[in-house]
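To keep things clear, I will list the structure first and then write my remarks on it.
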Amino acid sequence: MISSSDISQMSEKNANIRFGELLLSKGLLNRRELTEALNEQRSCGGRIGEILVKLKIVSDEDVSCALAEHLATERVHLDGKDIDMNVARLVPEALAKRFNLVAIDEKDGKVLVAMADPLDIVATDTITMKTGREIQPVLSSLREIRQTIEKVYHGSDIDEQRLRDIVEHAINTEADEEVVQDTLIENALNALEADISVEEAATRAPVIRFVDLLLRQAVKSRASDIHVEPQEHSMTIRMRIDGVLQDMVPPPRKMQAAIATRIKILSRMDIAERRLPQDGRFKIKAPGRDIDVRVSVIPTIYGEKVVMRILDSAAVNHNLDQLGFDPELLEEFKVMLSQPHGIIIVTGPTGSGKSTTLYSALNYLKNPRKNITTVEDPVEYRLGGINQIQVKPEIGLDFAESLRAILRQDPDIIFIGEIRDKETIDIAIKASLTGHLVLSTFHTNDAPSAISRMVYMGVEPYLLASTVNLIVAQRLVRRICDRCKEPVEINEQVLRRLNIDSDRARDAVFYHGRGCSACNGTGYLGRLPIFEFLVTDSEIRDKISAGTSEAQIREMSRQRGYKGLLGSGVDRMLGGITTAEEVLGATFTQKVRRDR
């Protein structure tokens, strides 16, 4: 146990120097500011360092560094530091918050404890008695400690650790005091090793708890999808976070079939059918809201592969003004939405944010005086005040049949979840020609290629020319983490691929994310869209009717000032919010010739 004499020796070097005077000697404040802080201390109490930070006279970082020197103790920066979670959780959360400290590592048999006040004898004695371990205080700023406490006890990695604990229990544990709380897990795992059915195993405690924790982890990590993939001798769990798949802690291989069956039970699928693909959905509870989970199961050579899509309406902003449109494009989009009839198409691959854009458009258009009806497969988000139809092909309720029925319901605005065939396009064109505004999605590489694709599917060009008002191509790129953002150099070949000339590059500052605890070392946090607009004015309509090539239509759109996806991405990159790698990964660029 650390005694008061031990701690007092820490500050022996500066014993005759008051902390305020030390800050003064370092030029971090002037005499007037010190006097102001001392008056505040006499009036309200508290430590002088905390008061100086509160009054914004000295930064939190400067106070911490000066205090470390004053106390002759080690200053530890917690931002981006790897924390040993097993050591950290030796200290109960209540004590960590009460004393503003966090255990971070173990060294030479001692527990390193980052403290805002290493001289707090009550804190050191309490933690020593609680952990039964000798501790070594180090100093960190109050801001860093509070952020680390949140990460340790409530961060996205806490369920990751719990998943790891369950897996370790499943493989290694024997009955001891640490496993008392997991008795059900141990018993059920023993049952799994016995000869019981997959269906029975799916109701056992470890499987239920593993699936629950997996879903909770996905919500906390802002994952859009969970992939459960069987391999020959193992099982892989991956989550798509900010558009990129990341490996998670896998369960034992013997739990694979039971986990798939558990998910199928939740989704109300046929658990006896393992030869055919199946789809389903279920809801999970989160604080203050329900979250939809859409499930797809397909058979593979090593078992059933499961993909769960997390549809968290609270994580999606259906506000048109906050989607990320440039102001000029946003105004253009709103003008097109105000038209009484015509077709607006948002195009792009799966996962490019098309549905979010159109749901935001529907929210913008929502009006008690308008009848808005959608036909979707599936209905991803429920929108109040809008009539939404779920396609059910198994009973003959497909897109075409639904649209025919909708046209008899006196609609003003129709949203088609996806244009998949000529019949659907034909009905959408008919609806547009009879005075309805139609919104839909399509799968093409850019905006002009949507025209070519629909002509290829058998639609007459003159019909497209007279009905299509706007085509928007869209992609999502990852946003640089603001916490670890820093300038970076980009080589000339990459600049050429991005079509950035030397003059423009000379005045630009490019950024990337170094990687920190906030972004889990990826350098990215969140995503943002890039757009390409094709507005069909009278001249472009004439060209479409005449069968003008896709390349010529694209060039005409550029001449009108509408940038392509690459140009939109470069603007985001020059604005310091994404990287060259993200832009190049999301857009098509011409091959760059090597200089000879």
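Between the side chain of T441 and the backbone N or O of G417 there is at least one donor-acceptor pair closer than 3.5 Å. Judged purely by atom type and a 3.5 angstrom limit, Q390 uses its side chain to pair as donor or acceptor with the backbone of V379. Put simply, the side chain of Q256 never gets that close to the backbone of P230: no donor and acceptor are under 3.5 Å apart. The backbone N or O of K110 sits nowhere less than 3.5 Å from a side-chain atom of D108 that would complete a donor-acceptor pair. Remark: the backbone N or O of T347 is not paired with any side-chain donor or acceptor of T444 at under 3.5 angstrom. K354 contributes a side-chain N or O that, together with a main-chain N or O of G348, makes up a donor-acceptor pair within less than 3.5 Å. Side-chain atoms of E134 do not come within 3.5 Å of backbone N or O of V111 as any donor-acceptor pair. Panel note: side chain R89, backbone V152; a donor-acceptor pair is recorded below 3.5 Å.
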Using residues 263-272 as the side-chain source, report each donor-acceptor pair under 3.5 Å to any protein atom, sequence neighbours left out, with the distance given to one decimal.
unit_1, atom_1, unit_2, atom_2, d
K264, NZ, E273, O, 2.9
K264, NZ, E304, OE1, 3.3
K264, NZ, E304, OE2, 2.9
S267, OG, I263, O, 2.8
D270, OD1, A272, N, 3.0

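Rounding to the nearest 0.5 Å places CD of E486 at 11.0 Å from SG of C481. The NZ atom of K485 sits 5.5 Å away from atom CD1 of I480, with the distance rounded to the nearest 0.5 Å. The line from CD1 of I226 to CD1 of I237 is 8.0 Å long, rounded to the nearest 0.5 Å. The distance from the CD1 atom of I344 to the OG1 atom of T357 is 12.0 Å, given to the nearest 0.5 Å. One finds the CD1 atom of I406 at 9.5 Å from the CG atom of N371 (value rounded to the nearest 0.5 Å). For the atom pair I386 CD1 and N363 CG, the distance stands at 6.0 Å (nearest 0.5 Å).
For the pair T424 and L403, the minimum side-chain heavy-atom distance is below 4.5 Å.
No more than 12 heavy-atom neighbours from other residues, nucleotides or ligands sit within 6.0 angstrom of NZ on K392. Under a cut-off of 6.0 angstrom, the local environment of NZ in K366 is crowded, with over 12 non-hydrogen atoms contributed by other residues, nucleotides or ligands. Within 6.0 Å of atom CG in D292, more than 12 heavy atoms from other residues, nucleotides or ligands are found, so the atom counts as buried in its surroundings.
In this structure, R479 fails the cation-pi test against Y524, since its NZ or CZ atom is not both closer than 6.0 Å to the six-membered ring centre and inside 45 degrees of the ring normal.
Side-chain atoms of T128 and D125 include no donor-acceptor pair closer than 3.5 Å. Using modelled atom types, one finds no donor on one side chain facing an acceptor on the other under 3.5 Å when comparing S234 with Q231.
A search for ring-ring contact (aromatic ring centres under 6.0 Å, His included) contacts involving F333 returns F325, not counting sequence neighbours.
Summarising the geometry of K305 relative to E229, their closest heavy-atom pair is CE-OE2, 3.3 Å, with the distance given to 0.1 Å.
Ion pairing between E93 and R98 fails under the 4.0 Å rule for side-chain N and carboxylate O. The residues K283 and D290 are annotated as not salt-bridged, no charged nitrogen and carboxylate oxygen being separated by less than 4.0 angstrom.
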